[in-house]
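Just the heavy atoms: all of them, side chains too, but no hydrogens, waters or symmetry mates, feed the values below.
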Amino acid sequence: VNTVTPLADLQVSNVALATSTLTTTATTADQVVDSWPLAAFRTAKYLVQVHDTGSNEYHTSEILLTHNGTTVYLTEYAIIYTAASLATFNADISGGNVRLLTTPTNANNTFKAYRQLITV
């Protein structure tokens, strides 16, 4: 069972700031790290930290994404890990929301994400 604990957004002019946490228990593909309303925001920047609680390893990266209303475009960069990559990231649009997705390489991970959004 996965748990996502989103915190309330903080609106600063045309930018929204928020954090989220996802705890995984399986290597299932496309688990939701975070989501936000497609109609309200166009671009997101994430700082993501993954912690493998079994091996006490870490993976940190920045993710930049944007959408055109039907497709999400994503790049991951500034990748740092203590032993090996702990996850891959993807994004999609579902139910009127843009979703940041992950596929962890190990079952027991905690994902923490800090998000900046820019309005449409």
Side-chain angles (χ1 to χ4, degrees):
V1 175
N2 297 326
T3 26
V4 177
T5 310
L7 297 178
D9 289 347
L10 169 65
Q11 188 76 31
V12 179
S13 186
N14 290 325
V15 177
L17 308 172
T19 60
S20 66
T21 301
L22 166 68
T23 302
T24 62
T25 57
T27 57
T28 308
D30 294 336
Q31 297 182 54
V32 179
V33 176
D34 189 42
S35 67
W36 39 271
L38 164 78
F41 302 99
R42 176 76 57 207
T43 302
K45 181 178 181 180
Y46 287 92
L47 176 60
V48 179
Q49 174 185 281
V50 185
H51 176 217
D52 179 345
T53 57
S55 67
N56 202 33
E57 298 296 337
Y58 291 87
H59 172 149
T60 302
S61 63
E62 290 189 88
I63 298 170
L64 187 64
L65 60 85
T66 192
H67 70 86
N68 63 6
T70 56
T71 304
V72 182
Y73 303 90
L74 173 146
T75 187
E76 180 184 11
Y77 57 96
I79 303 164
I80 303 170
Y81 43 81
T82 56
S85 177
L86 297 178
T88 59
F89 295 94
N90 197 2
D92 71 2
I93 295 173
S94 177
N97 290 308
V98 175
R99 304 185 309 168
L100 176 64
L101 308 171
T102 189
T103 303
T105 58
N106 303 307
N108 298 310
N109 291 293
T110 301
F111 290 76
K112 293 181 181 178
Y114 170 76
R115 174 188 75 198
Q116 295 175 304
L117 294 172
I118 300 174
T119 58
V120 173

Worksheet item: Can you name the residues that form a ring-ring contact (aromatic ring centres under 6.0 Å, His included) with Tyr58, not counting sequence neighbours?
Response: His51
Item to complete: Could I get the full list of side chain to side chain contact (heavy atoms under 4.5 Å, CB included) partners for Leu38, not counting sequence neighbours?
Response: His67, Ile93, Val98
Discussion item. Thr27: which residues meet the side chain to side chain contact (heavy atoms under 4.5 Å, CB included) condition with it, sequence neighbours left out?
Written reply: none
So, [X] side chain and [Y] main chain: donor-acceptor pair closer than 3.5 Å or not?
X	Y	result
Thr66	Arg42	yes
Thr24	Asn109	yes
Thr21	Thr110	no
Gln31	Pro104	no
Asn106	Asn108	no

Discussion item. Hydrophobic clusters here meaning ILVMFWY residues chained together by side-chain heavy-atom distances under 4.5 Å, can you tell me if Leu64 and Val33 are in one?
Written reply: no
Worksheet item: Given the rule that I, L, V, M, F, W and Y join up when any side-chain heavy atoms are under 4.5 Å apart, are Phe111 and Tyr81 in one cluster?
Response: no
Measure the [atom1]-[atom2] distance between [X] and [Y] for me, rounded to the nearest 0.5 Å.
X	Y	atom1	atom2	value
Gln116	Thr43	CD	OG1	11.5 Å
Leu47	Thr19	CG	OG1	11.5 Å
Leu22	Leu100	CG	CG	9.5 Å
Ile63	Thr102	CD1	OG1	7.5 Å

Of all the heavy-atom pairs spanning [X] and [Y], show the shortest one and how long it is.
X	Y	value
Ala87	Thr105	N-CG2, 4.1 Å
Ser35	Arg115	O-NH1, 3.3 Å
Leu86	His59	N-ND1, 3.0 Å
Tyr46	Trp36	OH-NE1, 3.0 Å

Worksheet entry | Residue Tyr114 excluded, over 12 heavy atoms near OH under 6.0 Å | yes
Practice prompt. Tell me, with the steps shown, if Phe89 and Val50 meet side-chain contact (heavy atoms from CB on, under 4.5 Å).
Written response: CA-CA 11 Å; Phe89 295 94; Val50 185; 4.1 Å; yes
Worksheet entry | Leu101 side chain reached by Val32 side chain, heavy atoms, under 4.5 Å | yes
Item to complete: Might you work through the side-chain contact (heavy atoms from CB on, under 4.5 Å) test for Thr70 and Asn68, ending with a clear yes or no?
Response: CA-CA 6 Å; Thr70 56; Asn68 63 6; 3.1 Å; yes
Worksheet item: Will you find, in the side chains of Ser61 and Glu76, an N or O donor that is under 3.5 Å from an N or O acceptor?
Response: yes
